[in-house]
Every structure is written in structure tokens, then in C-alpha cells.
2 protein chains.
Amino acid sequence: MRDVAERAGVSIATVSFVVNNTKRVAPATRERIEAAMAELGFRRNVVARALASRRTHILAVAYPALQHRLGSTAMGFITSAASAASEHDYHLVLWPVDNDGGELSELMREGLVDGIVLMEVLLHDPRVDTLLSARMPFAMIGRTADPTGLAFVDIDFEVTVEKGLDHLQGLGHREIVFVSERPPSEAFRAYGAKVRAEAAFRRSCAERGLEPVIVECAQNAAGGRELAHELIEARPRTTAIMIMNEHAAFGVVSGLARRGVRVPTDLSLLSISTSSDMGATSDPVLSIMRSPGKELGRLGVELVIAQLEGNEPPGSRLLPCELEPGESTAPAPPSPPSPMIMNTS
Amino acid sequence: MRDVAERAGVSIATVSFVVNNTKRVAPATRERIEAAMAELGFRRNVVARALASRRTHILAVAYPALQHRLGSTAMGFITSAASAASEHDYHLVLWPVDNDGGELSELMREGLVDGIVLMEVLLHDPRVDTLLSARMPFAMIGRTADPTGLAFVDIDFEVTVEKGLDHLQGLGHREIVFVSERPPSEAFRAYGAKVRAEAAFRRSCAERGLEPVIVECAQNAAGGRELAHELIEARPRTTAIMIMNEHAAFGVVSGLARRGVRVPTDLSLLSISTSSDMGATSDPVLSIMRSPGKELGRLGVELVIAQLEGNEPPGSRLLPCELEPGESTAPAPPSPPSPMIMNTS
DNA sequence: CTGAAAGCGCTTACAG
DNA sequence: CTGAAAGCGCTTACAG
């Protein structure tokens, strides 16, 4: 910067003003400085800027990588967050950080980051307390039990489940089972997404006069296969499954196939809160409720940046998943005459 | 740090020496300083350290996110790289960076990172030239056409393909097709992994007296399905497939199933350079050659750090994928009497 | 509209 | 074994 100043015949302060566009500078001066910068290939040192301005322009995504694997949905989130950050002149760091808040607290005090995006938020998340008491700006992807006053973006599970049920009911399904994920650890039993989706399913079924059947299975193909077999035994009249368990969906399809139950002819499958990628990897291509991962990533970053720059914050938001019909949902098969139907006819 | 120095009754220089363990300090003094640090909850400011020491202790993973999607294999790589970095007191930044080197060059001159890990390396990768001419320490995951003198870790495709063919031939297969990935763009035609795996297959088949059939398909289930159908028409005597195309493997299985070809009874499928995760998501669970993603991530980071700390570098390495038998490979079905067999019997 | 100067919180020769 | 001091490359009141 000193070189640039010398070459342009000004002080380094003035150079700083044009680099940051932070003060009026005479057009002629500005031009000379810009020319000098171009000739020297100047780029301001972000470390020095960080120390002087007390802003590193680095944001961290805290992800409990050890406790929760990073699926393709979460991945889409992170890359979109990184682009959003970069558009606003911020960098994004990935922090594989423990769930308990202790590690997070140490990292924060190093002064490397200006703000934090929290993923995989639990209903009572110790990391939130850590961040609050350190007065570290942050945004959650997901939300705690009571997120009042906190910045967050999350999936609108109420609307998502509602739309999903509309789709299935519109196809004539009435025996619908919700497949949730078996928590990989005790902590994840209170994982916000899981709890909220199940609650939404329960409520929406009640309103529709449907029986709210909810089952869990492990987060892999074997778990899905097992579940499929159990379901055929225990609830043979089921005609549709709504599943929120990306990694088990394949297993469900193939488990059904092994027992001669065809998707979607005999049974429809709707995978919610997932990525197109994941749906397209299946055969038949899954009908999905697409998780707004890209939007969540962008908004999460923008919520943090707004706090940092003192702009009016965009406000916390809930985004629904959008229906992306695939090949795994179809009209319900004609139901065999049930006792009830015979009574009323 | 000034507070710590005051409380311990020493100069900030001495505090710095114990924080960094960089100079002999009298045990008594050290103890007093450590006590003061604990009481004050001191953590050194990494930004100030970076500016003073001219080392940020930040490493970047440059990933062409726009051109190549981040699958579960690449993800495992990044999380393991992040842990390795963190063990060595480094941070890891994810840089979704363009393939052409221009963006990389700008980011480097900001002075944020000490070193770079390059992923998805092309045979003639412009980013390598950028890094070399900037004298930026880096390591490649993968390698250019001639990686002499460069730091890299890569999969040993020769050994991997060899082992894979051993497995299949050991099961009696002789009509083996290699399924490669259709490059998403022209640049990726010279993607190191693809080119090397195909070459290894060709060479190894020649040695074994097998016909080296190589086909390509798009990187998704639809591509795999399509390919399965074509294969049944064009090469009905195929009894085994070796595939290096994670996202298409499912499609191949289901495409075969639709035509009544069962895996592995009628046809074996071995997916190479992939993750257990990916294999387990399929049904049948795929037999795979597991990509050493975790080891590559760790080694890549350590190669960069060794350069930075001036240690004897670990040396570039090639790691083979390991066979992880699943349910998708089985003995070759008894071949129908072919003209050749009849002649020789 | 521009500049001189203090300061961000450390590290690191250098001196003692 | 310890300390005083310069300096890392910027930003930012403050003065003019």
C-alpha cells in the first residue's frame, strides 16, 4: 500500500480511502491511485485490515461433523453460503466443532471470525448459550425450542408437511405412514427438524381425520429395507409413505420391491426435506419436497452480515420445501372393500 | 496479553514466549504466567499473531464447486482435512474457486492463507501454474500429467484397478466392462482420475488377455439406467461391470433390474473409488473399492504444513482403494456354450 | 479533499 | 532467563 501511495504521490490514508470507498476523494486523485494499484497488482492485506479495523470479514459455519454426517443437502447449503459470503466480501470457514459449546467458545476467543452460522440446531442447544454470552453475532439454520429474538432461517415444516399431505391425499391416499429418522445419539432426539416435522404430521393428520402413524428407522439403506418389511407385516393397508430420512429412502424402495410391493403402483413414496440430487439418484426417481438449501445458506449468511454491518436485519424466515413430483407417487390403488365401507354402502 | 503480563508481573514478550513455547522461560515465571492466563481466560489473538509473524495458520481447500459437485467422497475428504489441520493448530477454509486460476490468484494476494490444498486436479491444471509462480505452498489431491517435484497425494489407480480385476476374475468373470463418467464439461475430459483409471484398465486387461471395453455415462441415475439398457443390447455376454461413477451406479443396478438382469446373480457390479456410505445406500449393498478419502485429506494437509514449517516433507504418495465386498459381486454365471469353447473342447 | 500519526495485539531480533 | 522496542500493513479519528 505504501508502494501504491508513493507511486500515486499521495498518503497511504488516501489509498485506504479509495480501496474501501470510505471517504470522498477527488476524481483525479482516485484515478491516479487506481492506476497505481493496477500497475502494481495491488490487493490489500486482509490480515492487516482485520487487525486495524477489528473486523476479519470471516464467517464460520459450525457443523457438528463428528455427530452428524454432512449429506448432499447440507453440502448444497454450505457451497451456497460460501458464494453468498464471497459476494458480500466475506470468507467462509468450515468449523467441524463439537456439539457442546466448549470448543466453540475457545475458537471464538481467538478472534478469527466476525460471525457464525450454526447448523443442525437442537431444541436446547448449548452452543446458543455460548454464543449469546460471548455476544458473538450468529444465525441459526434451524431453530431452538424458543427462538424469539434470535436470527434464524429454517424450513417451514408445517407448510411442507401440509403440502405433502395435500399431494398424497389428492392422489386418493388415506393410509399414510410418516417415516422419521432414528437419532444417531441421545442429543439428536431433540433435533429441531425431526421434532417439528413429526409434530406437524400429527397435527395435520388430526385435522384431516387421518391416523397419524409415525415410525423411525436408521439413517441408511439397511434401515429403510428393514422398515419396509416391518411395515408390510404390521400395516399392510398403507398406500403411501412420507419419509424424512434421505439415506434410508432407497432402502425403503428396494425393501418393498423385494416383497413384491411396487413403487408407485402399489405404494407411493414422498421424500420430504431432501435434495433433487438425492431424489434423482433413486430409481424410480423420487417425488420429493425439495429442501430450500441454497436459499437457507444465502439467508443465513446475510442474517449474520446484517448484524455485523448494522443494517436493518432481513428478519428470520421460514421457507417451505417445494414439491418436485418424480416417479414415486401415483394415485392410490383401489382399496379392497373394507368392513367400514361395506357397512355404509 | 498485556493484562496477563501485568498480572504475572512480566513483560508481554515473556508471555509470548510461553504461549508459543518458543524460548526458555524459568519454571517459576512460566507457572505464574500460566496461572494468570487461566484466571483471565486468555486466548491469543490469531489475527495479531498472523500480522506479526506473517503466518496466518490458515489453509484453504480450493474446490471448483461450480464445475464439479461435491459428493460424499469429497466431503469425507474435507472433514478429515479439517480435523488434521486443527490438530496441527491450523484452520481450514473452503474456497469455492474457479477452475481457471484467475480467482485463485486474487485470493492468494489477500494474504489470508499460508497454503492451499487443490482438489479435482486436471492433467494440465492452470491453477498449478498460478500457485507455482506465486510461490504459494500447496499440495494436490490428485495430480497433473507430470507431477514431478510437486507435492501430491492421489489414488493409485493402477493397483486399484488391478485388485478390482483380481476380485472379478477370481470370481470367474472374463467379460468385464469399465463404466467411466461422461465429463460434465470439456475441461474435465482431462480430469486426472478418469484418464488414469481408464488407462490402468486398458493396460491390465491387455496383460490378462481380456478385451478392454470402456464406456461412459452421465453422472446420475438416469445415465446409469440408460447405459444398462444399451449394454444389454450391445454386449449381452458381459458378466461384470467395473464402474467409476458414483452417482450412476444406482441407475445401472435398477436399469438392469428393469430388463430382468439381476445383480449379482446374472451380472456383478464393482464400484471403484467410492465411499462406503455410497455403497451402503444401494440395494444390494455395492461391492466397492473404497476411496481412501480420510487418509488423502490428512496427508494433503500434512504435505502443506510440512512445507510451511520447513520439516522434512512426508513425500508424495499414492494410496490404493481397498476392496470392501458387498452384495453386488458374485461368481460368474455358467457361460452358455460359445463357439470358441466348443471348438477347443 | 488530503495527510500525519496513533494504534490494532501480537512476534522477534537485539541487548543485557 | 527477561525486557524494551521496532514493526507487521493496514484503519481511523483528528487536524488542516
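We name chains A, B, ... by the order of the sequence lines, and we start the count at 1 in each one. Keep in mind that what you see is a predicted model, and the values were worked out from it rather than measured.
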Classify the nucleic acid contact of [X] as base, sugar-phosphate or nothing, counting any heavy atom under 4.0 Å across all strands shown.
X       : result
B/Ala26 : sugar-phosphate
B/Arg44 : sugar-phosphate
B/Ser53 : sugar-phosphate
B/Val19 : nothing

5' precedence on DNA chain D between B/Val10 and A/Arg49 (nearest-nucleotide basis):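 Going by which nucleotide is closer to the 5' end, it is B/Val10.
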Could you pick out which residue, B/Phe17 or A/Val47, lies toward the 5' side of DNA chain D when each is mapped onto its nearest nucleotide?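 Whichever sits nearer the 5' end wins; that is B/Phe17.
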What is the distance from [atom1] of [X] to [atom2] of [N], rounded to the nearest Å?
X       : N      : atom1 : atom2 : value
A/Arg32 : C/dC1  : CZ    : P     : 14 Å
A/Asp3  : D/dC10 : CG    : C1'   : 14 Å
B/Arg2  : D/dA5  : CZ    : P     : 15 Å
B/Arg54 : C/dA13 : CZ    : C1'   : 14 Å
B/His57 : C/dT11 : NE2   : P     : 10 Å
A/Asn20 : D/dT12 : CG    : P     : 7 Å

Taking atom types as modelled and ignoring hydrogens, do the side chains of [X] and [Y] form a donor-acceptor contact shorter than 3.5 angstrom?
X       : Y        : value
A/His88 : A/Glu309 : no
B/Ser11 : B/Thr14  : yes
B/Thr56 : B/Asp114 : yes

Can you see which heavy atom on B/Pro183 is nearest to which on B/Lys194, and at what distance?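 So the two residues come closest at CG-CE, 3.9 Å.
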Given that B/Lys23 and B/Leu51 both sit by DNA chain C, which one's nearest nucleotide is further toward the 5' end?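 Here B/Leu51 is the residue nearer the 5' end.
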Need to verify one output field. Residue with the more 5' nearest nucleotide on DNA chain C, A/Thr29 or A/Ile12? A/Thr29
Identified pairing partner of D/dA4, criterion: Watson-Crick or G-U wobble below 3.5 Å: none
Need the pair for C/dA13. Rule: Watson-Crick or G-U wobble, both distances under 3.5 Å, any strand; none if unpaired.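 Answer to the pairing question: none, since C/dA13 forms no Watson-Crick or G-U pair.
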At less than 4.0 Å, is any side-chain N or O atom of [X] found next to OP1 or OP2 of [N]? Yes or no.
X       : N      : result
A/Ser11 : C/dA4  : no
A/Thr14 : C/dG3  : yes
B/Ser16 : C/dT11 : yes

Could you check which of C/dC10, C/dG3, C/dT2 has an atom nearest any side-chain atom of A/Val25?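 Selected nucleotide: C/dT2.
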From the options C/dC1, D/dA4, D/dT12, select the nucleotide whose nearest atom is closest to the side chain of A/Arg24.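 Among the listed nucleotides, the one closest to the side chain of A/Arg24 is C/dC1.
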Residues B/Arg189, B/Glu186: salt bridge by 4.0 Å N-O rule: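 Yes, B/Arg189 and B/Glu186 are salt-bridged.
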